[in-house]
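A short worksheet on the structure shown next.
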Amino acid sequence: MQLVLSEARKQRSFREAWVGYLLAILLLSVFIYSDSEGLKYGGWYSIQQDIHRYVGVLTAFLLVIGLSRLMCYETEQKTAGLVGTAAHGPSLTWRAKAGLSLLYCTAVVLVLGAVTLGIRGALIGFQDAFTPVSECIHFESVPLSNLAYCIVQYAFLLLGALYFTGFILIVATLTKRTSFTIFLCGGIYLASLCYQFVIEHRLRGLTAQICKTIFQVSFCGFMQLESYRWFEWAGQWENVWKPVVFVLLATVLEFAVLWLLWRRRAKT
């Protein structure tokens, strides 16, 4: 835990991240305020779509801002040689960085989820919070209450966020540059959003199928909750375990690759 706290102190020195956090707070406030009128008519169905509309994007934004420097710090500060001088230095440092990244990712989703559900639920007085879902996005039917389904959606978002976290750390380990990691990871996520909202409906034939498959297995697809349909226009709830298993395995694989890259870099 001491090593994790040490890594956290390094991150606090990244002043650009604090600017990003302030912008995220302002954006979240604007989104919640702008949606308050439509919430009266949409109720819990409108709250279900929060991740799809803006929480997923805010989560990705905070992950890119907060984690891009984690694997680059020693290289940019020219202290990489010190890690190898300690007994088990590379492995202990990697564990601390991986642990901090998991804690940070979880904290981001929990805070955004608590704020969004708390404020927007309070705006409608938590009416029908414990009644069964009558209409839902992504699935034909869900055997849960309105509030429970929204909480499960944030659990799904967390899985997608962990998937994206692994990708960010791998890119940072390879590039060793914070600015380039932010540009590349943020650009890839933005390109995925452009495909989802602008390009997808314009494609036809084999090209459309290939692009859809790539999006479905990408971290953006999971963070936007689209991939939990598992290649269906309206997902079957009993099949939701399949994409869940996939994203868990993909995340574990990412961190295994991350460890191999980190160990190799420590030896050179």
Side-chain angles (χ1 to χ4, degrees), residues 24-63 105-164 189 192-193 196-197 200-201 215-216 218-248:
I25 293 172
L26 293 175
L27 286 173
L28 184 61
S29 302
V30 169
F31 283 131
I32 290 177
Y33 176 77
S34 63
D35 276 353
S36 59
E37 287 297 323
L39 186 63
K40 298 178 182 178
Y41 305 100
W44 284 96
Y45 180 71
S46 179
I47 295 177
Q48 288 176 27
Q49 300 179 66
D50 286 347
I51 295 176
H52 181 80
R53 286 201 299 261
Y54 58 84
V55 178
V57 178
L58 276 176
T59 300
F61 175 80
L62 290 173
L63 292 180
C105 178
T106 303
V108 166
V109 175
L110 287 178
V111 170
L112 288 179
V115 170
T116 305
L117 284 178
I119 294 178
R120 289 172 64 75
L123 289 174
I124 60 175
F126 287 96
Q127 297 176 6
D128 301 322
F130 299 103
T131 59
V133 174
S134 58
E135 185 180 12
C136 64
I137 190 172
H138 304 304
F139 296 97
E140 287 186 352
S141 62
V142 175
L144 298 171
S145 67
N146 286 307
L147 180 59
Y149 179 51
C150 288
I151 293 174
V152 168
Q153 283 189 301
Y154 279 93
F156 288 162
L157 173 62
L158 176 59
L159 293 179
L162 291 172
Y163 189 11
F164 190 35
Y189 197 91
S192 298
L193 289 178
Q196 180 187 5
F197 294 111
E200 182 180 14
H201 67 279
F215 179 78
Q216 287 281 350
S218 71
F219 42 79
C220 184
F222 280 96
M223 291 185 69
Q224 291 293 103
L225 305 188
E226 294 289 337
S227 298
Y228 293 100
R229 304 180 186 193
W230 208 237
F231 301 100
E232 298 174 357
W233 290 110
Q236 304 297 318
W237 183 255
E238 59 270 16
N239 292 327
V240 74
W241 65 271
K242 296 178 182 178
V244 168
V245 169
F246 173 86
V247 72
L248 286 173

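Because the structure is predicted, anything quoted here is derived from the model rather than measured. Numbers here are sequence positions counted from 1.
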**side-chain hydrogen bond (donor to acceptor under 3.5 Å, both in side chains) between Gln216 and Glu226, intermediate numbers included** = CA-CA 7 Å; Gln216 287 281 350; Glu226 294 289 337; 5.7 Å; no
**Request:** Of all the heavy-atom pairs spanning Phe215 and Ser192, show the shortest one and how long it is.
**Result:** CE1-O, 3.8 Å
**Request:** Determine the minimum heavy-atom distance between Val133 and Cys136, stating which atoms define it.
**Result:** CG1-CB, 3.6 Å
**Message:** Please enumerate all residues that pass side chain to side chain contact (heavy atoms under 4.5 Å, CB included) together with Ala161, with sequence neighbours excluded.
**Reply:** Thr59, Leu63, Cys105, Val109, Met223
**Asked** Nearest 0.5 Å, what's the OH-CZ distance between Tyr228 and Phe139?
**Response** 9.0 Å
**Request:** Check side chain to side chain contact (heavy atoms under 4.5 Å, CB included) between Ala107 and all other residues, then give those that pass, not counting sequence neighbours.
**Result:** none
**Complete:** Between the CD1 atom in Ile47 and the CG atom in Leu147, the distance rounded to the nearest 0.5 Å is 9.0 Å
**Asked** So which heavy atom on Phe222 is nearest to which on Ser227, and how close?
**Response** N-OG, 3.4 Å
**Request:** Answer yes or no: is there a donor N or O on one side and an acceptor on the other, between the side chain of Trp44 and the main chain of Gly121, under 3.5 Å?
**Result:** no
**Complete:** OH of Tyr163 to OG of Ser218, rounded to nearest 0.5 Å, is 7.0 Å
**Message:** If the condition is ring-ring contact (aromatic ring centres under 6.0 Å, His included), which residues does Phe197 pass it with, not counting sequence neighbours?
**Reply:** His52
**Message:** Tell me every residue that passes side chain to side chain donor-acceptor pair (under 3.5 Å) with Thr131, counting only those two or more places apart in sequence or in another chain.
**Reply:** Asn146
**Item:** Smallest separation among heavy atoms of Ser46 and Arg53, with atom names
**Value:** O-NH2, 3.3 Å
**Prompt:** How many angstroms lie between OG1 in Thr116 and CD1 in Ile51, if you round to the nearest 0.5 Å?
**Reply:** 8.5 Å
**Fill in**
In terms of heavy-atom contacts, Tyr45 and Glu135 come closest through CD1-O, 3.6 Å
**Complete:** Nearest heavy-atom approach of Trp237 to Pro143 is CD1-CD, 3.4 Å
Name each donor-acceptor pair under 3.5 Å that joins a side chain in residues 148-158 to protein atoms two or more places apart or in another chain, with its distance.
{"from": "Tyr149", "atom 1": "OH", "to": "Ile137", "atom 2": "O", "distance (Å)": "2.8"}
{"from": "Gln153", "atom 1": "NE2", "to": "Gln48", "atom 2": "O", "distance (Å)": "3.3"}

